[in-house]
Amino acid sequence: MNNVSTGMQSNLVSGNVLHNVQLQVLRDLAMAIMKTMGPAGSNTLILKGMSSDMLIADYTKDGNQLVKHIKYAGPLEMSIQTEIEQITRSIEKLVGDGTSTAVVMAYYIFDQILNSTDIDISKNPFEIIRRFKTAVEAVKKRIMKRKRECTLEDIGKISYISTNGNAELAAEMQDIYRGYGMGVFIDVGTSVDENSYIRSHDGLVLDVGYSSNVYINTQTGVSHISKPRIYVFQDAIDTPEMCAMFETILNTNIIEHLNDRKYVPTVIVAPRISRDMSGLLRKLLGYLGQFPAEEATQKPPILVITNIDGISVNFMDHISQLCGCKMISKYIDPAIRKEHQEKGLAPTLDNICDEWYGEAEAVESDSTTSKFINPSKMFVLDEDGMIKVDENDEPVYSNEYNAIVDYISAEIKRLTETGEHSGAIGSLKEQLNAMKANMVEYLVGGLAVSDRNSAKDLVEDAVLNCRSAAKNGVGYGASFEGYLAARTEMKHNKDERLAPYFKIMVNAYEKFMKGLYSSAYEADEVNTIMSKISEDVKRTIDYNSACDGPMNIVTGKYDGTVLTSIMTDGTVLDVISRIIMIMVTSNQAVLQAPNLNTYS
């Protein structure tokens, strides 16, 4: 009997094949992004709409927008692209700039890991990731040692770099910070004509965003609740009594009105909500999640802000005072709770909805921050309920607001004079900035919709970068701080197990920087630039001397103007770690069906 060989097709893809596809997708995305990088990079035309009457043309240099709109036919490629887009999105929210750097660097690093003679990803890939993350943490720690406080001049330089050398946009950004202070909170939109407009509000900014993206109820990706009732829970919602209070608010203001839509706009702030506690909240989140994006404005006006810790917990007291909220607290002793309820010092299920809320003109949250616009107790009101203004047409702040600001300022002064508690001083400064946070709407103009959208992308990067720099400090841009820190660790770190990873990072930074300068210069000139930067870094490491920093492509000089938030390179490294982790630790793939397996 003859042996007959039959082909067998399954939906299983081997690890080697999977890693090759991952590397190819990373390379595709990196090569596309490199054409847009830096001030000498060019726009990418992104077309939307499948018919002539629905066609929209966008021109962008934004790395996240580019990654988001590159599509693949194959299921593996499609899943990898989606993962990378979702992971890199966090950079946009935190520091504005960095998506392009993260994708390109991730490609260079993953390529080296796959081809390294010192690293074998087929053997204990999780140990590889642990060592890589340890190396990343050492580099990040080294970066943060070089931070310095942000100045108004720095704002102009950061904006100039973030907008790819757009002097007009950079000047407008600097004017906003000059007029409204380093704690200004800027929202970016587009105007309806060629002119840019600035509108300002007063309020408080909490460094915690919505607890789930199902609360988004606008077409701009934020949750906006106008004239809400604001309920502040001082303690975690993790007992039956606290949960009953929480669910009573949800039920009375929102759930009971799902049919008649006579909702009471509601914002609930709590340090934490136990995952096992509120079944009603889970049902509400499921209901909100059913709304398609185009119908987001039809959602019930509800927003829950939670997972609050650190400085923000202290700031909840200020929000409560200035919005006129009565704090909802936890009681361990039922007898004391009952006594306080009888005296009106604690809420009951009957009065919590109507007597224990505060008010503001609006509350708006994105994934990282929440803004309380014009809290009801922040200003002195006239007999018509309008905000009083002084002889300079400035709003008159209330005694409650002035008392909080004076107390925080006095504490900062006292701690500074005594030279103690530097951590507490930083915390108080953040609280003071949040208290004084002017809120500005910056509506970017342009001759056409495409012009306005392109400028808006640049300004959004600048806004987030400046916000992070004002809060966390300033360092050199163009990945210089990461390169310097990686080179320093490669020389001084005593853990030999980490040596291959520092070397990989240094090589990746050098390739990235070469690519950046190659957009404006020929190969010989790029080599000269890189030699100068390398010598500058070596001198800084060996002699602890001041460094000149990266070269400014626009001016062609090492003039110290290429600045960014000190958090940028560390945030990029965190994102790279996440990309590398999902790739290195995946040893095979299972597709949806065998007929889709065109890879083996």
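Basis for what follows: all heavy atoms, side chains included, without hydrogens, waters or symmetry-related copies.
At distances below 3.5 Å, not a single donor-acceptor pair connects side-chain atoms of Gln81 with backbone N or O atoms of Val25. With His69 contributing its side chain and Gln65 its backbone, the two residues share a donor-acceptor pair below 3.5 Å. No donor-acceptor pair under 3.5 Å is formed between the side chain of Glu137 and the backbone N or O of Thr134. Here the side chain of Glu489 pairs no donor or acceptor atom with the backbone of Ala485 at under 3.5 angstrom. Side chain of Gln22 to main chain of Ile80: no donor-acceptor pair is present (N/O by atom type, distance under 3.5 Å, no hydrogens or angles). Counting only distance, with no hydrogens or angles, the side chain of Thr306 and the backbone of Ala270 share a donor-acceptor pair below 3.5 Å. The backbone N or O of Ser565 sits less than 3.5 Å from a side-chain atom of Thr568, completing a donor-acceptor pair. Under a 3.5 Å cut-off, the side chain of Ser531 and the backbone N or O of Asn527 do form a donor-acceptor pair. The backbone N or O of Leu464 lies less than 3.5 Å from no partner atom in the side chain of Ser468, so there is not a single donor-acceptor pair. Panel note: side chain Asn11, backbone Leu591; a donor-acceptor pair is recorded below 3.5 Å.
Under the 4.5 Å side-chain criterion, counting only non-hydrogen atoms from C-beta, Val21 is in contact with Glu77. Between Ser367 and Tyr210 there is a side-chain heavy-atom pair separated by less than 4.5 Å. Residues Asn43 and Thr36 form no side-chain contact, since every pair of their non-hydrogen atoms from C-beta on lies 4.5 Å or further apart. The shortest side-chain heavy-atom distance between Val459 and Asn166 does not fall under the 4.5 Å cut-off. Annotation: side chain of Ser159 is not in contact with side chain of Leu169 (no heavy-atom distance under 4.5 Å).
Looking at Arg27 and Asp111, no side-chain N of the basic residue comes within less than 4.0 Å of a carboxylate O on the acidic one, giving no salt bridge. Salt-bridge annotation for Lys140 and Asp574: present, with a side-chain N of the basic residue lying under 4.0 Å from a carboxylate O of the acidic one. Between Glu153 and Lys157 there is a salt bridge, with a side-chain nitrogen of the basic residue lying less than 4.0 Å from a carboxylate oxygen of the acidic one. A salt bridge links Asp548 with Lys532: the closest approach of a Lys/Arg side-chain nitrogen to an acidic carboxylate oxygen falls below 4.0 angstrom.
A side-chain donor-acceptor contact under 3.5 Å links Gln24 and Asp28. For the residue pair Thr369 and Arg467, no side-chain donor N or O sits within less than 3.5 Å of a side-chain acceptor on the partner. Side chain to side chain, Gln112 and Asn507 meet the donor-acceptor criterion of an N or O pair below 3.5 Å. Checked by atom type, the side-chain pair Asn16/Ser14 shows no donor-acceptor distance below 3.5 Å. Thr151 and Asp154 form a side-chain donor-acceptor contact under 3.5 Å, judged by distance and modelled atom types alone. Side-chain contact check for Thr564 and Asn465: at least one donor-acceptor pair (N or O, by modelled atom type) lies under 3.5 Å. Between Tyr558 and Asp536, the side chains place no donor N or O within less than 3.5 Å of an acceptor N or O (distance only, hydrogens not considered).
Here Ile580 contributes atom CD1 and Ile121 contributes atom CD1; the two are 10.0 Å apart, rounded to the nearest 0.5 Å. Atom CZ in Phe512 sits 4.0 Å away from atom OG in Ser479 (nearest 0.5 Å). One distance of note links CZ of Phe132 with CG of Leu573; it measures 7.0 Å at 0.5 Å rounding. In this structure, CD1 in Ile579 is found 6.5 Å from OG1 in Thr88, a value given to the nearest 0.5 Å. Between atom CG of residue Leu303 and atom CD of residue Glu364 there is a gap of 10.0 Å, rounded to the nearest 0.5 Å. How far NZ of Lys68 is from CD1 of Ile84: 16.0 Å, rounded to the nearest 0.5 Å.
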| said: If you apply the rule side chain to side chain donor-acceptor pair (under 3.5 Å), what do you find for Asn552 with Thr561, and how did you get there? | reply: CA-CA 7 Å; Asn552 187 330; Thr561 58; 2.7 Å; yes

| said: Under the criterion salt bridge (charged side-chain N to carboxylate O under 4.0 Å, His left out), I'd like the reasoning laid out for Lys538 against Glu535: C-alpha separation, chi angles, the key distance, then a yes or no. | reply: CA-CA 5 Å; Lys538 185 178 185 302; Glu535 285 300 316; 5.8 Å; no

| Steps toward salt bridge (charged side-chain N to carboxylate O under 4.0 Å, His left out) verdict (Lys456, Glu460) | CA-CA 6 Å; Lys456 176 175 174 285; Glu460 283 179 334; 2.8 Å; yes

| request: Start with the C-alpha gap between Met581 and Lys133, add the side-chain angles, then the distance that decides, and say whether side-chain contact (heavy atoms from CB on, under 4.5 Å) holds. | output: CA-CA 9 Å; Met581 182 185 72; Lys133 285 187 173 181; 3.7 Å; yes

| query | Can you check side-chain contact (heavy atoms from CB on, under 4.5 Å) on Ile504 and Tyr108, steps first, answer last? | reply | CA-CA 8 Å; Ile504 283 173; Tyr108 289 140; over 6 Å; no

| task | Please lay out, stage by stage, how Tyr72 and Ser79 fare under the test side-chain contact (heavy atoms from CB on, under 4.5 Å). | result | CA-CA 9 Å; Tyr72 289 92; Ser79 67; over 6 Å; no

| request: Start with the C-alpha distance between Lys147 and Asn472, add both sets of side-chain angles, then the distance that settles side-chain contact (heavy atoms from CB on, under 4.5 Å), and finish with yes or no. | output: CA-CA 8 Å; Lys147 73 173 182 179; Asn472 302 301; 5.9 Å; no

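Residue Asp542 qualifies as enclosed at atom CG: its count of foreign heavy atoms under 6.0 Å is above 12. Heavy atoms of other residues, nucleotides or ligands lying less than 6.0 angstrom from CG of Asp524 number 12 at most. At most 12 non-hydrogen atoms from other residues, nucleotides or ligands lie less than 6.0 angstrom from CD of Glu149. For Lys71, the NZ atom sits in a packed shell: over 12 heavy atoms of surrounding residues, nucleotides or ligands are nearer than 6.0 Å.
For Arg131, the salt bridge (charged side-chain N to carboxylate O under 4.0 Å, His left out) criterion is met by Glu127, not counting sequence neighbours. Every residue two or more places apart in sequence or in another chain that forms a salt bridge (charged side-chain N to carboxylate O under 4.0 Å, His left out) with Asp495 is listed here: Arg497. Residues that satisfy the salt bridge (charged side-chain N to carboxylate O under 4.0 Å, His left out) test with Lys35, not counting sequence neighbours, are absent from this structure. Scanning for ring-ring contact (aromatic ring centres under 6.0 Å, His included) contacts around Phe502 gives an empty result, with sequence neighbours left out. With sequence neighbours excluded, no residue satisfies ring-ring contact (aromatic ring centres under 6.0 Å, His included) with Tyr215.
Using the six-membered ring where Trp is involved, Tyr517 and Tyr521 have ring planes that are tilted, between 30° and 60° apart.
The minimum heavy-atom distance between Cys150 and Ala470, with the atom names listed, is CB-CA, 3.9 Å. For the residue pair Pro271 and Met316, the shortest heavy atom distance occurs at CD-CE, 3.8 Å.
The salt bridge (charged side-chain N to carboxylate O under 4.0 Å, His left out) pairs that include a residue from residues 472-481 are Arg146-Glu481, where partners are two or more places apart or lie in different chains.
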